[in-house]
Chemist: 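Take a look at the following structure, please.
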Amino acid sequence: MSGCLCLPCNKRPTPKAGSSAATKVDSLQKKPTQQPPPQPPSKNMDAVERLKSGFQKFKTDVYDKKPELFEPLKEGQAPTYMVFACSDSRCCPSVTLGLQPGEAFTVRNIASMIGPYDKTKYTGTGSAIEYAVCALKVSCIVVIGHSRCGGIKALLSMQDGSADNFHFVEDWVRICHPAKKKVQAECKMLPFDEQCSILERAAVNVSLDNLKTYPFVKEAVANGKLKLVGGHYDFVNGKFETWVSS
């Protein structure tokens, strides 16, 4: 005799086709329809509610689903990159370069410019560079310009000796005045928009040269522990280019 105690199986009759029971069975056997993707937040949404909604979507879709990414970040950061990018809302380096949280220590400002070493004038930029190089030990600093940059257009449009229209903007973009003079001297026959495009890249090179005036950057580069890279994001044509500073 088997030691298995089984409950009796009562076989249910198969409902006839067309009956209400058959219809009910068919509906239960159908696969659930795929839900449409959530719609992006409406532009008409209250500004603060838009932020709350955006965070909730991030928490549900990303944070809660990737503990392997976010758990280690609770203990500290060890980014590979320091990224200088423009404050322009169309140019988010984490999005365009697919950078994950913890991967890049980022500074954003008008036209992604970097002033030369100066302990009184550019302390915000200098402190970020110092922390990235000396404390975080990043191995690559990337300076990214972009297409149709308003800061670059302002720089190229400025007339020597004319009054400033803003409290801070003109003085800030003058950091790359040497690039402006070079472009105007070499490309004066080109249309203004083409000169802007060239200046977008030339300004990046000025910032890369300015980075080398920071003693801790110069030392790290000389020791082979740090690489300086220029970049340009063309959001009009969907292109990204890079070059290594010599």
Chemist: Please determine whether a side-chain nitrogen of the Lys or Arg among Asp46 and Lys52 lies less than 4.0 Å from a carboxylate oxygen of the Asp or Glu.
Modeler: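 No, Asp46 and Lys52 are not salt-bridged.
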
Chemist: More than 12 foreign heavy atoms under 6.0 Å from NZ of Lys212: is that the case here?
Modeler: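 Enclosed.
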
Chemist: Among Pro93, Ser112, Cys91, which residue satisfies the side chain to side chain contact (heavy atoms under 4.5 Å, CB included) criterion with His146?
Modeler: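 Result for side chain to side chain contact (heavy atoms under 4.5 Å, CB included) with His146: Cys91.
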
Chemist: Give the intermediate values and the outcome of side chain to side chain contact (heavy atoms under 4.5 Å, CB included) for residues Val133 and Ile141.
Modeler: CA-CA 9 Å; Val133 174; Ile141 300 180; 4.0 Å; yes

Chemist: Between Ile129 and Phe84, is any pair of side-chain heavy atoms under 4.5 Å apart?
Modeler: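 The answer is yes; the side chains approach within 4.5 Å.
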
Chemist: Does Arg174 reach the side chain of Asp164, with side-chain heavy atoms less than 4.5 Å apart?
Modeler: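 Arg174 vs Asp164: side chains touch.
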
Chemist: Just wondering, do Val217 and Leu228 contact through their side chains at under 4.5 Å, heavy atoms?
Modeler: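 Heavy-atom side-chain distance check passes, below 4.5 Å.
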
Chemist: Can you say whether the rings of Tyr131 and Phe105 are parallel (under 30°), tilted (30 to 60°) or perpendicular (over 60°)?
Modeler: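 Correct class here is tilted.
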
Chemist: Shortest non-hydrogen contact from Asp88 to Arg148?
Modeler: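 Minimum heavy-atom contact is OD2-O, 4.5 Å.
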
Chemist: Just wondering, do Leu73 and Gln100 contact through their side chains at under 4.5 Å, heavy atoms?
Modeler: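 No - every pair of side-chain heavy atoms lies 4.5 Å or more apart.
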
Chemist: Tell me if the aromatic rings of Phe240 and Tyr233 count as close, with their centers under 6.0 Å from one another.
Modeler: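 They do not qualify: ring centres at least 6.0 Å apart.
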
Chemist: So Phe216 and Tyr117, would you call those rings parallel, tilted or perpendicular, with 30° and 60° as cut-offs?
Modeler: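 Geometry flag for Tyr117 against Phe216: perpendicular rings.
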
Chemist: Listed by chain and number, what are the ring-ring contact (aromatic ring centres under 6.0 Å, His included) partners of Phe166, not counting sequence neighbours?
Modeler: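 None.
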
Chemist: If the condition is ring-ring contact (aromatic ring centres under 6.0 Å, His included), which residues does Tyr81 pass it with, not counting sequence neighbours?
Modeler: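 Once residues adjacent in sequence are excluded, Tyr81 has no partner under the ring-ring contact (aromatic ring centres under 6.0 Å, His included) criterion.
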
